[in-house]
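Below you'll find the structure, written out as structure tokens, and then a few comments.
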There are 2 protein chains.
Amino acid sequence: MASLGDLERSVMEVLWSGDAALSANELRDALAMRDGESGRTVATTTVLTVLSRLERKGFVSRTREHRPHRYQALLSREEHTAELMHEVLDRSSDRDAALARFVGTVSDGEAATLRRLLDELVRR
Amino acid sequence: MASLGDLERSVMEVLWSGDAALSANELRDALAMRDGESGRTVATTTVLTVLSRLERKGFVSRTREHRPHRYQALLSREEHTAELMHEVLDRSSDRDAALARFVGTVSDGEAATLRRLLDELVRR
DNA sequence: CGTTTTGTTCTACGCTTCGTAGAAGAACGT
DNA sequence: ACGTTCTTCTACGAAGCGTAGAACAAAACG
């Protein structure tokens with residue numbers, strides 16, 4: 001999976017944070033909102049450019065039916081994260097060893113979460 | 001953590017695949033060996049350049065004591081992988097949901113490995 | 001319909017990263 | 001001191017990304 005630049009990531013964050021498909025202008029506004037005072041507002045064309053790139057990279061899809069095209073994330077944020085974790089793991093030559101390291105460094109709470117998730121897996 | 005380019009990654013692979021610290025020339029030879037017929041041999045200075053960059057990025061350290069400086073990975077490959085997995089997870093807003101997705105998509109064998117690892121965690 | 005407004009694509013530029021390696025400099029053996 | 005070996009400095013071209021104007025298309029409106 002290709003990686004994301006800063007603005008690309010911000011756009012994905014916005015798309016991920018609500019399930020509805022958004023237009024370029026809505027995205028621009030959401031970005032401006034999100035960054036509050038701190039960040040400048042970015043031009044709509046800029047948003048459109050990154051949306052095209054995100055589409056080319058397979059991160060978003062768009063509906064061309066009505067005129068303000070509407071854009072939405074192809075994967076949910078969690079799916080995306082899980083995918084990335086697999087990708088990282090796939091690059092390792094010894095997956096089990098890497099998993100061991102990973103498990104060895106999660107917090108207690110997360111270890112418990114993992115246990116619970118694995119139990120649920122078995123149960124169905 | 002910064003990301004790695006193709007050659008940078010190859011260099012790290014070599015460093016990870018043996019625990020000894022290597023000189024630039026040994027690395028160049030190992031790379032040439034590894035890529036066999038397929039790939040051209042890269043110049044020693046090229047290796048040195050990427051080693052400097054890897055050092056700046058915190059991936060390798062070098063001993064300057066003796067003349068062919070010797071380079072070694074700062075993290076083991078597994079530590080690196082685990083670190084990346086945490087990094088990916090940290091970018092998610094809902095870690096538990098992301099973990100759930102991840103666990104839901106691992107193979108049966110890996111689920112078993114995870115269970116075993118978590119059991120070992122508890123036991124000590 | 002022609003015009004104004006709104007939305008999209010095309011093109012482009014500057015910055016940064018990375019592969020690539022020569023030129024120049026430093027250190028070491030003899 | 002001299003050549004050899006190693007490292008650093010400098011540089012360049014390609015690609016990725018933030019950035020956005022210019023040009024083009026479509027819709028709204030009078």
Side-chain angles (χ1 to χ4, degrees), chain A residues 1-15 20-32 34-35 38-73 80 84 87 91, chain B residues 1-15 20-32 34-35 38-73 80 84 87 91:
Chain A
M1 186 161 18
S3 60
L4 296 172
D6 288 346
L7 182 54
E8 290 174 338
R9 172 167 305 281
S10 295
V11 167
M12 291 309 297
E13 298 288 352
V14 172
L15 288 177
L22 298 178
S23 70
N25 274 329
E26 286 165 344
L27 270 162
R28 175 177 48 61
D29 294 344
L31 286 171
R34 218 188 59 126
D35 297 342
S38 56
R40 276 163 50 288
T41 307
V42 51
T44 308
T45 55
T46 301
V47 176
L48 281 162
T49 301
V50 314
L51 281 170
S52 297
R53 289 175 183 166
L54 287 172
E55 194 183 22
R56 175 159 46 82
K57 293 187 191 178
F59 285 95
V60 310
S61 70
R62 86 170 84 186
T63 314
R64 288 187 135 96
E65 290 166 20
H66 303 95
R67 212 52 212 314
H69 296 182
R70 305 195 80 79
Y71 302 80
Q72 67 189 319
H80 172 70
L84 280 185
E87 196 173 300
R91 279 205 298 260
Chain B
M1 186 160 19
S3 60
L4 297 172
D6 288 347
L7 181 54
E8 290 173 340
R9 173 168 303 280
S10 296
V11 167
M12 292 308 297
E13 298 287 353
V14 172
L15 289 177
L22 298 179
S23 71
N25 274 329
E26 288 165 342
L27 270 163
R28 174 177 50 61
D29 294 344
L31 285 171
R34 218 187 59 126
D35 296 343
S38 58
R40 274 161 54 288
T41 307
V42 44
T44 307
T45 55
T46 302
V47 176
L48 281 162
T49 302
V50 314
L51 282 170
S52 296
R53 288 175 184 166
L54 287 171
E55 194 182 22
R56 174 158 48 81
K57 292 186 190 178
F59 285 94
V60 310
S61 71
R62 86 170 83 188
T63 316
R64 288 188 137 94
E65 290 166 20
H66 304 93
R67 212 52 213 316
H69 294 183
R70 305 196 79 79
Y71 302 81
Q72 66 189 320
H80 172 71
L84 281 186
E87 195 173 301
R91 278 204 299 259

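Here is how names work: the chains are called A, B, and so on, in the same order as the sequence lines, proteins then strands, and each is numbered from 1.
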A:Ser3 backbone acceptor or donor facing A:Lys57 side chain under 3.5 Å |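 Such a contact is found between A:Lys57 side chain and A:Ser3 backbone.
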
Side chain of [X]: nearest nucleotide among [options]?
X: B:Lys57; options: D:dT7, C:dC18, D:dG21; answer: C:dC18
X: A:Leu7; options: C:dT9, D:dT19, C:dT20; answer: D:dT19
X: A:Arg67; options: D:dG18, D:dT7, D:dA26; answer: D:dA26
X: A:Ser3; options: C:dC10, D:dC17, D:dT8; answer: D:dC17
X: B:Pro68; options: D:dC17, D:dC6, C:dT20; answer: D:dC6
X: A:Thr45; options: C:dT20, D:dT19, D:dG21; answer: D:dG21

Any donor-acceptor N/O pair under 3.5 Å between D:dA20 base and A:Thr44 side chain =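 Check fails, no donor-acceptor contact within cut-off.
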
Got a donor-acceptor pair under 3.5 Å from the side chain of B:Arg53 to the base of C:dG19?
->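 Checked by distance alone, the answer is yes.
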
Using whole Å, report how far [atom1] of [X] lies from [atom2] of [N].
X: A:Leu51; N: C:dT9; atom1: CG; atom2: C1'; answer: 13 Å
X: A:Met1; N: D:dG16; atom1: CE; atom2: C1'; answer: 17 Å
X: A:His69; N: C:dT8; atom1: NE2; atom2: P; answer: 5 Å
X: B:Glu65; N: C:dA27; atom1: CD; atom2: P; answer: 16 Å
X: A:Leu4; N: D:dG18; atom1: CG; atom2: C1'; answer: 14 Å
X: B:Leu48; N: C:dA27; atom1: CG; atom2: P; answer: 16 Å
X: B:Leu27; N: C:dT20; atom1: CG; atom2: P; answer: 15 Å
X: A:Arg64; N: D:dA25; atom1: CZ; atom2: P; answer: 14 Å

For A:Arg62, report the nucleic acid contact type (base, sugar-phosphate, nothing); a contact means any heavy atom under 4.0 Å.
->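 Contact class for A:Arg62: sugar-phosphate only.
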
Indicate whether OP1 or OP2 belonging to [N] is found under 4.0 Å from a side-chain N or O atom of [X].
X: A:Arg28; N: D:dT19; result: no
X: A:Thr46; N: D:dA20; result: yes
X: A:Arg56; N: D:dC17; result: no
X: A:Arg70; N: C:dT8; result: no
X: A:Asn25; N: C:dT6; result: no

Side chains of B:Arg9 and A:Arg91: closer than 4.5 Å at any heavy-atom pair?
->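 They are in contact (side-chain heavy atoms under 4.5 Å apart), so the answer is yes.
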
Take B:Arg53 and B:Glu8 through the salt bridge (charged side-chain N to carboxylate O under 4.0 Å, His left out) test and state the conclusion after the steps.
-> CA-CA 8 Å; B:Arg53 288 175 184 166; B:Glu8 290 173 340; 5.3 Å; no

